[in-house]
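Single-structure report; data block below.
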There are 2 protein chains.
Amino acid sequence: MAHVKVADELCTVSLPAALLGERWTLLLLRQAFLGTRRFEDFQSAMDISRSVLTERLGTLVEEGILRREAYKDVRTRYEYRLTEKGLDLYPVLMALRKWGDRWMAPAEGPSFDLHHRSCGGGIGVHVACDECSAELTARDVRVTPLR
Amino acid sequence: MAHVKVADELCTVSLPAALLGERWTLLLLRQAFLGTRRFEDFQSAMDISRSVLTERLGTLVEEGILRREAYKDVRTRYEYRLTEKGLDLYPVLMALRKWGDRWMAPAEGPSFDLHHRSCGGGIGVHVACDECSAELTARDVRVTPLR
DNA sequence: AGCTAGGGTTCGGAATCCGAACCCAAGGGG
DNA sequence: CCCCTTGGGTTCGGATTCCGAACCCTAGCT
């Protein structure tokens with residue numbers, strides 16, 4: 001595996017990485033997947049400053065990952081909900097969690113469990129070949145720089 | 001899906017998120033998986049300032065994700081290589097890339113392709129139930145807060 | 001009329017980031 | 001033997017970003 005240099009603007013790892021590798025963004029998404037939708041709830045759940053929260057929610061809306069939607073409580077309020085694009089980040093969060101479970105688990109164990117709603121099974125994340133379905137590690141993959 | 005508050009220090013998503021959600025860290029790991037090993041090569045490939053690079057490499061070594069190892073070129077040099085813990089982050093990067101391919105792909109297409117070394121197939125990332133093997137989305141998963 | 005709650009905006013100081021310059025050890029060339 | 005180059009860093013000051021605290025605005029409630 002030789003040293004490869006790729007154009008960042010064209011790399012489909014670095015583009016999302018620039019977005020998600022911003023402080024708070026991953027935590028915000030975790031909260032969103034846990035069901036948090038309102039400004040105040042994000043703020044109290046994550047202990048983030050209000051100004052930074054405003055900004056992060058804004059960029060996620062701009063990016064089309066969250067959608068800001070008015071709804072009626074006792075009066076008009078707003079909620080931030082995952083779009084399809086946002087929901088599609090689930091594998092990223094699950095991969096992160098699986099790694100966290102294995103390598104950074106606190107002695108007391110994780111703070112929540114996830115199970116398949118219909119059969120109760122645990123959740124796995126797998127990297128596999130689209131053709132032969134073999135499970136793959138980094139060593140099984142060949143990188144071909146284009147252009 | 002109700003609003004759930006969890007302790008960050010116990011959440012196995014937020015622990016890795018705090019680490020990877022630091023500027024440059026994800027890009028550094030991408031480079032590492034592309035085969036970059038030497039300080040100078042990281043620096044020229046990523047256009048990161050030397051001081052920040054030193055610091056990031058340092059925390060990744062501390063965290064046991066990279067290992068700093070001397071080797072003989074014409075004289076003693078050092079290289080940074082992924083440990084087992086680091087290699088195990090591959091699904092995270094692949095999930096990120098798959099999402100990037102779908103949602104942020106530049107018009108010209110991605111800058112490199114990945115294929116299964118032995119059969120040439122494409123690379124997929126799947127979230128699946130450990131019991132029944134069904135492929136899962138966020139909606140199929142139940143969250144159970146513990147403690 | 002005044003109080004409260006949700007959802008923000010606006011500061012100024014504190015922590016990070018960054019580029020450029022500097023340091024150091026070991027070959028190599030003259 | 002002296003100077004130059006290369007890899008791998010460290011140091012420094014200025015430019016950004018982050019953050020907490022304080023403030024703002026709108027509707028409903030009492």
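No hydrogens, no waters, no symmetry mates; every other heavy atom, side chains included, goes into these values. Here is how names work: the chains are called A, B, and so on, in the same order as the sequence lines, proteins then strands, and each is numbered from 1.
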Verify the distance criterion only: is there a donor paired with an acceptor across the side chains of A:R68 and A:Y80 at less than 3.5 Å? yes
A:E55 atom CD is separated from C:dG7 atom P, nearest whole Å, by 19 Å
When rounded to whole Å, the CZ to P distance for the pair A:R37 and C:dG7 reads 13 Å
B:R23 CZ to C:dT16 C1', in whole Å, measures 9 Å
From CZ of A:R38 across to P of C:dA5 the rounded distance in Å is 12 Å
Separation between CG (B:L19) and CH2 (A:W99), nearest 0.5 Å, reads 6.0 Å
Sorted by position of nearest nucleotide on DNA chain D, 5' first, the leading residue of A:S51 and A:T76 is A:S51
From CD of A:E69 across to C1' of C:dG7 the rounded distance in Å is 17 Å
So the salt bridge (charged side-chain N to carboxylate O under 4.0 Å, His left out) pairs with at least one residue in residues 121-146 of chain B (sequence neighbours excluded) are none
Separation of C:dA25 atom P from B:R77 atom CZ, nearest Å, is 14 Å
When rounded to whole Å, the CZ to P distance for the pair A:R68 and C:dG7 reads 9 Å
Note: chain B reaches DNA chain D at heavy-atom distances under 4.0 Å over the stretch, first to last nt, 5' to 3', of D:dT6 to D:dT11
Taking every heavy atom of A:C129 against every heavy atom of B:C119, the minimum-distance pair comes out as SG-SG, 3.4 Å
Value for CG (B:L96) from CG (B:L26), rounded to nearest 0.5 Å, stands at 6.0 Å
A:L53 CG to C:dG7 P, in whole Å, measures 11 Å
Applied to residues 90-107 of chain B, the salt bridge (charged side-chain N to carboxylate O under 4.0 Å, His left out) test, sequence neighbours excluded, yields A:E84-B:R102, A:D88-B:R102, B:R97-B:D101
Are any of A:Y71's side-chain N or O atoms less than 4.0 Å away from OP1 or OP2 of C:dG6?
no
